[in-house]
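Read through the structure below, which is laid out as structure tokens, and then see the notes.
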Amino acid sequence: MQITAASEGPYFSGSNSFFSEYNVDLTTLISKKALKADNIKSVKLSKASIQSLEGAEVDFSQFSSASLQVVADNAPMTSIAILNPILENTSGAIALTVSEEAELTDVFKESSFTFLLDLDFKEDNYDDAMSISLNLELLVEYN
Amino acid sequence: MSFAQEDGDKLIGVWEPSHGKAKVKIEKIGSKYYGKIVWLREPNDPETGQPKVDRNNPDESMRTNPIKGYRILKDFVYTGDNEWSEGTIYDPENGNTYSSTIKMKDDNTLDIRGFIGVSALGRTDVWKRLQMPKKK
């Protein structure tokens, strides 16, 4: 799945948060079957990467690290992927290290939840806003 | 008892635990409150000379996460009467996560209780709101 995380500036040196509200639609997630929440046995993240949106290039060398979480009303915030450090002169899709233990099952049983991407800015940045593409590969077990 | 959910927003701000080794910014995400480390008295690991990372995290794959910027307070819900509960507090020095409640004693003082199991078996720390110097 590909989603867009957005944030409004200005950004000050240190951690700044980008948000992406996600409305759970299991039928588009798994095209083979019209799933209901009760059908889900487990959801895990297998791959995660970040990259610029087409036509809106972001210089990733301005960030020192990245951390991706999910947050929902009825489930605890969970860290699901990180990258530290982000290497200089990185371009294209930047792969994050995925948590080996994090479970996404509970959040996918909600009607909606939020992906929260924290990017650690090396210096202040006075842009009005910024958007970044999140590319996620999920492993879904279901009945 | 009824209360306005916005009353819980008085928790938002920058707070300093009693040990003085960190400052924690509490913010609201959705309907819950979270606190991340925004300042460290000793930002670098004395062994490596590099910025401290979460090397005690029980999830080994997450151990390169920087401590500065880390959310140590998670999922607090305002329950009225100057109390926030149902949250957790993470201690990066040992990698343990504790159930936690927050009680605001006055506008600038928090009692933050961390516990395992029942609240009676735990420890309370006093946090002070960061006072910004007045502009001349």
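Values in this document were obtained by computation on a predicted structure and should not be read as measured data. Chain letters run A, B, ... following the sequence lines, proteins first and then strands; every chain starts at 1.
- Here the shortest heavy-atom pairing between B/K36 and A/S17 reads NZ-OG, 3.8 Å.
- At a heavy-atom cut-off of under 4.5 Å, chain B is reached by A/V98, A/S99, A/E100, A/E101, A/A102 from residues 98-113 of chain A, listed in order of number.
- Only the side chain of A/D118 comes within less than 4.5 Å of a heavy atom of chain B; its backbone N, CA, C and O stay farther away.
- In the hydrophobic clustering of ILVMFWY residues, with side-chain heavy atoms under 4.5 Å counting as a link, B/V38 and B/I29 come out apart.
- Screening A/N84, A/I82, A/I80 for a side-chain contact (heavy atoms from CB on, under 4.5 Å) with B/M62, the sole residue that qualifies is A/I82.
- Hydrophobic clustering keeps B/M104 apart from B/V126 (ILVMFWY residues linked when any side-chain heavy atoms are closer than 4.5 Å, directly or through intermediates).
- Hydrophobic clustering places B/F76 together with B/Y78 (ILVMFWY residues linked when any side-chain heavy atoms are closer than 4.5 Å, directly or through intermediates).
- Taken from CG in B/D59 to OG in A/S79, the straight-line distance is 8.5 Å, to the nearest 0.5 Å.
- Under a hydrophobic clustering in which Ile, Leu, Val, Met, Phe, Trp and Tyr are joined whenever their side-chain heavy atoms come within less than 4.5 Å, directly or via other members, A/M77 and A/F115 fall into different clusters.
- In this structure, B/S31 OG and A/N74 CG are separated by 8.5 Å, a value rounded to the nearest 0.5 Å.
- For B/V53, the part lying near chain A is the side chain, with the backbone staying farther off; criterion is any non-hydrogen pair under 4.5 Å.
- Per-residue counts of heavy-atom pairs under 4.5 Å with chain B were compared for A/S64, A/A66, A/P76; the largest is that of A/P76.
- At a 4.5 Å heavy-atom cutoff, B/P51 makes no contact with chain A through either its backbone or its side chain.
- For NZ of B/K10, the number of neighbouring non-hydrogen atoms (other residues, nucleotides, ligands) closer than 6.0 Å is greater than 12.
- The environment of A/D128 atom CG is sparse: at most 12 non-hydrogen atoms of other residues, nucleotides or ligands sit within 6.0 angstrom.
- Of all residues spanning residues 67-75 of chain B, those with a heavy atom less than 4.5 Å away from chain A's heavy atoms are B/K68, B/G69, B/R71, B/K74, B/D75, arranged by number.
- For B/K25, no part lies under 4.5 angstrom from a heavy atom of chain A.
- By the neighbour-count criterion of 12 heavy atoms within 6.0 Å, atom CD of A/Q62 is densely surrounded, having more than that number from other residues, nucleotides or ligands.
- Of all the listed residues (A/T114, A/N16, A/V71), the one sharing the greatest number of non-hydrogen pairs under 4.5 Å with chain B is A/V71.
- Taken together through direct or relayed side-chain contacts under 4.5 Å among Ile, Leu, Val, Met, Phe, Trp and Tyr, A/V24 and A/L68 form part of one hydrophobic cluster.
- If you measure heavy-atom distances from A/E21 to chain B, you find no contacts under 4.5 Å at all.
- Counting heavy-atom pairs closer than 4.5 Å to chain B, the top-ranked of the candidates A/L116, A/D120, A/T97 is A/L116.
- Note that OG of A/S65 is 7.0 Å distant from CG of B/N65, once rounded to the nearest 0.5 Å.
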